[in-house]
Amino acid sequence: MIDLVQLQKRVYQNKLEKGFNVTDIYQEFCLTHGELSEACDAYRKKKDDLGEELADVAIYLIGLAEILGINLEEEIMNKIDKNEKRSYENRDGVLIKVKE
């Protein structure tokens with residue numbers, strides 16, 4: 001099992017050591033978005049590096065969480081619990097949330 005808290009610290013430390021941005025939050029969101037676009041492109045073009053592109057997305061997201069002081073592991077677990085309690089109904093081919 002991965003310790004996401006330690007992983008956040010490791011990603012952040014690497015950013016510091018390599019001189020990457022750790023202060024411009026909007027830039028980090030844009031770079032994360034760019035990595036997701038690269039992953040989508042790799043999937044669409046059936047490239048061999050899809051896994052690496054998805055890893056880049058995760059690394060940027062993990063680093064952003066650390067920069068913002070967010071315990072991503074805790075937030076993910078809370079969100080999974082919340083999602084599991086939700087109910088959806090299919091209305092004309094569209095899933096609509098009917099219970100929170």
Side-chain angles (χ1 to χ4, degrees):
M1 189 71 134
I2 293 175
D3 182 342
L4 200 47
V5 172
Q6 290 302 317
L7 198 53
Q8 281 184 219
K9 293 180 183 335
R10 185 173 170 189
V11 167
Y12 182 79
Q13 187 60 40
N14 185 63
K15 288 174 86 57
L16 288 177
E17 289 173 3
K18 301 294 191 300
F20 288 111
N21 172 62
V22 292
T23 57
D24 186 338
I25 302 306
Y26 293 107
Q27 179 182 4
E28 287 301 296
F29 274 111
C30 289
L31 292 170
T32 303
H33 179 270
E35 292 298 337
L36 187 57
S37 294
E38 288 180 21
C40 181
D41 190 57
Y43 174 77
R44 186 176 63 85
K45 294 179 179 177
K46 297 178 177 31
K47 291 183 171 180
D48 292 337
D49 65 344
L50 176 57
E52 185 175 338
E53 295 299 344
L54 288 173
D56 283 341
V57 173
I59 289 167
Y60 268 92
L61 187 61
I62 288 166
L64 184 56
E66 184 65 17
I67 290 167
L68 293 171
I70 293 171
N71 181 329
L72 193 56
E73 182 176 358
E74 185 177 293
E75 294 296 334
I76 289 170
M77 297 310 296
N78 289 339
K79 185 63 175 177
I80 289 171
D81 289 342
K82 185 176 185 176
N83 288 346
E84 289 174 342
K85 293 173 186 165
R86 289 180 172 166
S87 296
Y88 296 86
E89 186 177 293
N90 190 325
R91 296 185 189 159
D92 298 320
V94 177
L95 284 177
I96 306 294
K97 184 172 31 174
V98 293
K99 182 183 137 215
E100 188 66 36

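Taking OG1 of Thr32 as the reference point, atom CD of Gln27 lies at 10.0 Å (rounded to 0.5 Å). A distance of 10.0 Å separates CD in Gln6 from CD in Glu73, rounded to the nearest 0.5 Å. Separation of atoms CG (Leu50) and SG (Cys40) is listed at 9.5 Å; rounding is to 0.5 Å.
Residue-environment remark: CG (Asp48) stays at or below the threshold of 12 foreign heavy atoms within 6.0 Å. Other residues, nucleotides and ligands place no more than 12 heavy atoms under 6.0 Å from the CZ atom of Phe29.
Within the 4.5 Å cutoff, the side chain of Glu84 has heavy atoms near those of the Asp81 side chain. At least one side-chain heavy atom of Val98 sits less than 4.5 Å from a side-chain heavy atom of Arg91. Within the 4.5 Å cutoff, the side chain of Glu66 has no heavy atoms near those of the Leu7 side chain. When side chains are defined from C-beta on, Lys99 does not count as touching Lys85, because their heavy atoms never get closer than 4.5 Å.
Through direct or indirect side-chain contacts shorter than 4.5 Å among Ile, Leu, Val, Met, Phe, Trp and Tyr, Val57 is connected to Leu36.
With Glu28 as the partner, the side chain to side chain contact (heavy atoms under 4.5 Å, CB included) test is satisfied by one option alone out of Asp24, Leu31, Ile25: Leu31.
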Exercise for the section: Run the numbers on Glu35 and Ile59 for side-chain contact (heavy atoms from CB on, under 4.5 Å), then give the verdict. Expected result: CA-CA 10 Å; Glu35 292 298 337; Ile59 289 167; over 6 Å; no

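Tracing side-chain contacts under 4.5 Å through hydrophobic residues (I, L, V, M, F, W, Y), one never reaches Ile2 starting from Val5; they form parts of separate clusters. When the side chains of ILVMFWY residues are joined at heavy-atom separations under 4.5 Å, either directly or via intervening members, Ile70 and Tyr12 end up in a single hydrophobic cluster. Note on Val22: it clusters hydrophobically with Leu64, by side-chain heavy-atom contacts below 4.5 Å among ILVMFWY residues.
Under the side-chain contact (heavy atoms from CB on, under 4.5 Å) criterion, Asn83 pairs with Lys79, Arg86, not counting sequence neighbours. Residues meeting the side-chain contact (heavy atoms from CB on, under 4.5 Å) test with Leu72, sequence neighbours left out: Leu4, Gln8, Leu61, Ile62, Ala65, Ile76.
The two residues Ala42 and Glu53 come nearest to each other via the heavy atoms CB-CG, 4.2 Å.
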